[in-house]
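Naming convention: chains lettered A, B, ... in sequence-line order (proteins, then strands); numbering from 1 in each chain.
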Amino acid sequence: MRVALVVGLVAAVPWMQASAQTPDPTAAEFDKFREIMEQDNPAELFEVKGEELWRARRGPKNASLEQCDLGLGPGVVKGAYVQLPRYFADVDRVMDAEARIVHCMITLQGFKYEELAKQPFSSLVRTPDPVSIVTYVAAQSRGMKLAAPQNHPKERDTYETGKAIFHYRAGAFDFSCASCHGADDKRIRTQPLPNFTKPEQAVRAVQGWPGYRMTGGVMHSLQWRMNDCFRQQRFPEPGYASETLSALLAYLTVNANGHVYRGPGIKR
Amino acid sequence: MHDTRRTVLKGIWSVGALATAVGAGLLSPGRAFAAWNKGAFEAKSAIDAMKALGVANAEDSKAIEIRAPEIAENGAVVPIDITSNIPGTTAIAVFIEKNPFPYTGSFDFSQGAVPYVHLRVKIGESSPVRVVVTAGGKHYMTAKEVKVTIGGCGG
Amino acid sequence: MKFASVIALVSAALLLLSCATPTRDYTPDALAMMKRDFHAKGSAGMDRLNEDTVQAACNKYQDNPPQEIAAKLEKEQFATIQWPADGKLLGDWKAGERIAQNGRGMAWNDKGGVGGSCYNCHQIGPRESSFGTVGTSLYQFGKKRGYGAEIQRYAYGKIYNAKAYNLCSQMPRFGHVKALTEQQMKDLTALLMDPASPVNQ
Amino acid sequence: MADPMKIRATLQGDVADVRVLMAHPMETGQRKDAAGKIVPLHFIQTITAQLNGKTVFNADVSQAVSRNPVFAFKVKGAKAGDKIVITWTDNKGEKRTDETVVRAAGS
């Protein structure tokens with residue numbers, strides 16, 4: 001059996017080397033047109049909607065989100081997104097952008113978590129409010145450097161926990177996040193798989209999100225992206241805006257720190 | 001196709017039809033062209049759609065540029081840039097030959113508009129994208145193949 | 001391959017240095033957090049968060065377990081393989097191609113009709129250009145290796161339980177977790193091993 | 001009511017580069033909803049653009065245009081401050097008009 005395995009590896013090696021040396025023409029073609037797509041991105045429609053929602057008095061408490069503290073003080077939106085996830089003393093945990101927005105919708109406006117978590121992802125007929133709001137918030141950090149903090153002990157702990165979640169193999173197919181995103185130059189079908197354990201590639205976990213997804217033509221946030229990865233990992237479902245997802249996002253964002261965030265993007 | 005449109009506009013009965021359409025709010029009064037060509041849009045082949053538009057006799061031209069991906073990342077959103085370098089261009093029509101209804105749209109240029117358009121379309125399977133340009137009452141065409149692939153889980 | 005993993009380890013180590021060195025193993029924290037935050041959905045129960053012996057060893061040693069542990073567990077995994085009672089390993093390559101194309105199965109929204117997801121990770125048949133590169137190319141699998149009984153057994157066994165051959169392989173154990181039926185695995189083996197299969201042209 | 005369009009009109013020399021995003025489902029009439037029911041055809045059919053009241057660009061389109069449509073076109077002889085008005089009409093008779101002014105590049 002060992003012999004057979006070695007035969008398999010040897011047979012595979014020339015092909016793998018070839019793929020490592022020549023840039024993938026398909027990926028290059030996608031990149032070329034991705035730029036054109038980003039120039040006029042339907043995500044902007046959701047950005048406009050999110051700003052309206054941020055300013056509007058809504059919910060049982062008839063309040064706006066203008067007093068929401070995204071980490072830089074109540075009401076400060078500019079630059080907040082690139083400094084998330086971060087530790088918030090009022091909840092004694094690290095929160096990512098959408099988790100914090102949901103927290104503000106609950107505490108300031110009186111919405112119920114159960115209601116927000118019931119259908120948290122966009123469909124062809126409905127874009128949940130937090131998705132539009134996080135698109136607006138993210139757009140206010142366009143062109144800024146990612147700088148998720150690692151100052152508070154809980155921020156460092158959360159990073160390490162997120163890293164452990166990233167590498168944890170379990171489930172029906174023995175997958176972890178790293179099964180797809182732990183090595184260089186891989187792809188699923190034609191979709192390139194960035195290696196998120198490396199800083200220069202980790203930025204691709206953050207860049208372009210929230211993203212307008214061409215498939216279905218809906219706006220999705222990182223909450224959706226993480227959820228759908230766990231689905232394909234054949235895991236049970238992570239709770240919406242849960243600490244697990246904040247931890248995972250802390251791991252990915254800190255790895256990408258220092259890269260310029262280009263704002264809401266467009267995705268396959 | 002504008003020949004057809006002009007012909008339609010000259011016809012006595014169709015002027016009445018157009019007035020009705022304007023009255024019903026289907027067309028804005030500022031819109032000087034004929035109504036949305038149902039026959040062309042419902043044609044199941046590019047050639048039938050071209051006949052319905054009166055542009056089936058187009059000749060090949062190298063003066064039309066189509067910029068579209070060789071392989072589309074996602075058939076649901078394929079970006080296409082079309083530029084006509086033919087003097088006097090007044091319209092550009094687009095046909096995606098393998099789509100169930102190939103005729104995708106016409107773009108009319110007047111009063112200083114440059115004969116250029118960017119649009120994004122759905123392409124169900126790998127297909128030639130055919131463009132017909134109308135200039136000086138004549139029709140010219142060119143085509144470009146766009147491949148559509150199966151993607152992965154990502155995005 | 002070895003060299004690449006050394007680079008990966010070194011860069012991972014550098015990353016750790018730059019972000020404060022972890023003082024302990026955070027896997028228990030991670031598991032506790034996930035158990036609190038996740039819920040069962042569709043076919044995906046909460047039991048899926050628990051490690052089995054293979055997953056535990058791979059998690060503990062970052063997919064690089066000591067030789068003796070790997071050998072022992074691989075042997076155990078090999079013993080789980082149920083070989084077809086009729087002794088035949090080759091099914092219908094045409095059915096195999098369909099199974100290889102089908103990426104459904106075992107996710108919380110999947111209902112029956114499980115496929116092998118093979119093209120997600122492998123180049124296989126010459127006509128499918130939309131293939132992944134997580135796994136090695138399987139194009140001309142039989143043609144390159146020969147069509148003998150031993151290679152047939154390797155192909156079937158690897159599909160049934162990849163961990164019997166390489167403990168921390170990224171490939172699922174399709175037979176072991178009952179994602180694929182015996183017939184489906186025979187069909188996939190035929191896709192790779194039938195001399196008439198397009199894979200071997 | 002339909003959501004607003006987002007229109008950008010930027011001057012490059014004396015050519016206005018007009019780019020417009022529209023919020024519209026562009027249903028093909030072939031898609032089934034979660035309950036398995038066919039979602040009826042619903043798509044923008046005509047688009048008209050005016051520069052200072054003169055029609056410069058007209059489009060008739062089909063359901064093959066992507067969801068949340070994006071179009072761009074160019075108008076020669078424009079100057080900063082010129083008014084661009086764009087109107088779309090869909091097959092259900094719904095209509096939406098939005099406007100913007102032409103801006104010099106970089107402003």
Selection from Lys178(C), Met106(C), Gln55(C) maximising heavy-atom pairs under 4.5 Å formed with chain A: Gln55(C)

Interface check, chain C: of Pro238(A), Ser176(A), Ala164(A), most non-hydrogen pairs under 4.5 Å belong to Pro238(A)

Hey, what do you get for CZ (Arg231(A)) to CG (Asp110(C)), rounding to the nearest 0.5 Å? 7.0 Å

Checking heavy atoms, do the side chain of Asp29(C), its backbone, both or neither come under 4.5 Å from chain A? both

Heavy-atom distance under 4.5 Å to chain A: side chain of Ala179(C), backbone, both or neither? side chain

So SG of Cys121(C) and CZ of Arg187(A): to nearest 0.5 Å the spacing works out to 11.0 Å

In Å, rounded to the nearest 0.5 Å, how long is the span from CZ of Arg189(A) to OG1 of Thr133(C)? 13.0 Å

Looking only at heavy atoms and a cut-off of under 4.5 Å, which of Ala178(A), Gly162(A), Ala183(A), Ser242(A) has the most pairs with chain C? Ser242(A)

Would you give the length of the straight line joining atom OH of Tyr26(C) to atom CD1 of Ile165(A), rounded to the nearest 0.5 angstrom? 12.5 Å

Okay, Phe174(C) and chain A: the region with an atom under 4.5 Å from a heavy atom over there is side chain

Residue of the set Gln232(A), Arg234(A), Glu237(A) for which side-chain contact (heavy atoms from CB on, under 4.5 Å) holds with Trp108(C): Glu237(A)

Please report the C-alpha distance between Arg169(A) and Val54(C) in whole Å, then the side-chain angles of each, then the deciding distance to 0.1 Å, and finally whether the side chain to side chain contact (heavy atoms under 4.5 Å, CB included) criterion is met. CA-CA 10 Å; Arg169(A) 296 182 71 171; Val54(C) 171; over 6 Å; no

Hey, which of Gly239(A), Gly171(A), Pro192(A) has the most heavy atom pairs under 4.5 Å with chain C? Gly171(A)

For Val134(C) versus Ile188(A), what's the shortest heavy-atom pair and its separation? CG2-CG1, 4.4 Å

Engaged part of Ala247(A) at the chain C interface, taking heavy atoms whose separation is under 4.5 Å: side chain

Part of residues 31-51 of chain C lying next to chain A, heavy-atom separation under 4.5 Å: Leu31(C), Met33(C), Met34(C), Arg36(C), Asp37(C), Phe38(C), His39(C), Ala40(C), Lys41(C), Ala44(C), Gly45(C), Met46(C), Arg48(C), Leu49(C), Asn50(C), Glu51(C)

Could you give the distance from SG (Cys58(C)) to NE2 (His167(A)), rounded to the nearest 0.5 Å? 13.0 Å

Quick one: pull up CE in Met171(C) and CZ in Phe173(A) and give me the separation to the nearest 0.5 Å. 10.5 Å

Between Phe175(A) and chain C, which part of the residue has a heavy atom less than 4.5 Å away: side chain, backbone, both or neither? side chain

Which one, Gly157(C), Gly105(C), Ala162(C), Ser117(C), leads in non-hydrogen pairs under 4.5 Å with chain A? Gly105(C)

Asp184(A) portion near chain C, given a 4.5 angstrom heavy-atom threshold: neither

